[in-house]
Amino acid sequence: MRLSKMIGRTVREIPAEAETEGHRLLIRAGIAHRVASGIYVYGHLGWRSVQKIMQILREEMDGVDGQEINMPVTAPADLWKETGRWSAVGSELARWKDRWGRDMVLAMTHEETLTDYLRSEVYSYKQLPFMLYQIQTKFRDEPRPRAGLIRTREFYMKDGYSCHLTEECMDTYYERMADAYYRVFNRAGLDVVSVSSDNGMFGGKESHEYMYLTPVGEDKLFFCDSCRYAANYEVTERQPVNQDNTPPATLQEVATPERLDIPGQAAFLGVTPKEFLKTLAYITRGHLVLVVIRGDLMVNEVKLSRILGDDAIRLATPEELQAGGFVEGFLSPLGRSERLIVDPSVTRSPNLVAGANKEGYHVMNSNFGRDYTSAEVYDIVAVVAGDPCPLCGAPLRDARGIEVGNIFKLGTRYSVNMNALVQNENGEQQPMIMGCYGIGVGRILSTVLEAYNDKDGIIWPVTVAPYLVHLTTLGVEEEVIACAEQLYQEWTKAGLEVLYDDRDLRPGVKLNDADLLGMPLRVVVSRRSLATQSLELKERGLSAAESLPLAGSQAVLYQRLEELRRQIYLKYPYLSHLS
């Protein structure tokens, strides 16, 4: 490709809307162009990189016996109504009506469409197990797109779906897919970790996310360095509070005249926050629910929303509290009949200070099981760094990460609701057991930009670089132009991927663009190099250039590129078979 003909210019100034270094490089290098919030055009360089990522995906999915298919972007709402997600998913799902007035969706994921296909094509256990996958456009009307291609509204995704007769078969394939995911990300040059995650709108019993750890990541993660526990904040547990067997004391109402927070009230009463009962009121689907947790802890609203089956929960307003007969600042579950969710930290802690549902008063010595009993006990605690690991008790540490992929054990969530049955060995009909596996293509691209850059621009890993060699001329001498043209023609004909900067610009501009665009190898043709029948070769990311003999230069470039690939393969145990 000649740079003089390529659409998509480089930008010197830093884009004002860019949030991260990868986002800035995405725009400055012309990798993608923003059309609207969360909607992008891939430029030529960006699309070439995407195609290479897609090829890696195809190779690894085919390697675990995947069959590539293609499903439509649109789907009839009737399918989503069968699974209940038509009403359960919020405004992120794009709903519309076709010309005949029928409800339709722009699919953000394809479980419904896939299951509809399966129930007409799969009928016998002899067809199981199998995995179908596609690489296709999705639309999710994200309220807060961010960081370029990290979180967008329209995006490319590889989504795969496996079907099994038994849980044991599902578990075995799940581990096989987990390894394939490591190979995908490692081949793109990304070192990722797998963490337990929330099943969210997909349902099922188990899921894991693949995270690239970086301070600019939007996901908060927790790790235990002692036992290797790893989980997303949304599902992280902490070691349960020890049972305190102190006998229950008598309830005692005390005056607490000021509306203070729990630390303030604790200081006023001469106790610690952990001796308080924190009561919160949430609204879910128009109803008020009380939530209680120990006073020194916080509620994880993701955990709570899953318990309530509602992603749109919110705290009650002062007006809603007043209408429900509550006094803001003095809330309590005592004497109330609303649905009550209790954290185990409360059930294991006797004689807690609770609100009195009365202006200016609290109650000492409230006890779960004696003073309020009609409750559901769930872990709803929000973990913080230093909390004890749920498995071994060692302190948890936190980090941030970008989610680049996820895998789910869906179980029979969709096959039961949509009647996707197969005949088993006994001649009986049973629902298929399903798994789901997703990877964001654009997220891989943007994460590579976050991971591989310096002050001058992008440093593409050789496996996903748009082009492998950046050929440029310095000077306008006839012999320089002629040599560069000949090399470009010969190398391209031989299959070498060359980006040729044939523009008539100052040397500084051309070299700066070469660094910004970041192809693995840069080759410079100049009058000085030709005087010694050589070229200047520089590996992107290294400071020193070297002399490359003109004769046999093509073979040397192939050798260097293979060395760069080998460096990636040697870096990761999952790729040892490629090295």
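- At least one donor-acceptor pair under 3.5 Å links the side chain of Lys303 to the backbone N or O of Val381.
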Apply side-chain hydrogen bond (donor to acceptor under 3.5 Å, both in side chains) to residues Gln136 and Asn70 and explain how you reach the verdict. CA-CA 7 Å; Gln136 194 240 35; Asn70 184 263; 5.0 Å; no

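- Closest of all the heavy-atom pairs between Val462 and Leu564 is CG1-C, 3.8 Å.
- A cation-pi contact, defined as under 6.0 Å to the ring centre and within 45° of the axis, is absent between Arg95 and Trp80.
- Across all non-hydrogen atoms, the minimal contact from Arg397 to Asp225 is NE-OD1, 2.8 Å.
- A cation-pi arrangement, defined by a distance under 6.0 Å to the six-membered ring centre and an angle within 45 degrees of its axis, is present between Arg48 and Tyr467.
- Of all heavy-atom pairs between Arg24 and Ala18, the closest is CG-CB, 3.2 Å.
- In this structure, Lys409 satisfies the cation-pi test against Tyr174, with its NZ or CZ atom closer than 6.0 Å to the six-membered ring centre and inside 45 degrees of the ring normal.
- Contact record, Cys227 with Cys392: SG-SG, 3.7 Å, taken as the closest heavy-atom pair.
- When side chains are defined from C-beta on, Glu154 counts as touching Thr137, because their heavy atoms get closer than 4.5 Å.
- In this structure, Tyr40 has its ring center at least 6.0 angstrom away from the ring center of His33.
- In this structure, Ile150 and Ser446 approach most closely via the heavy-atom pair CD1-CB, 3.6 Å.
- Closest heavy-atom contact between Ala451 and Leu190: CB-CD2, 4.1 Å.
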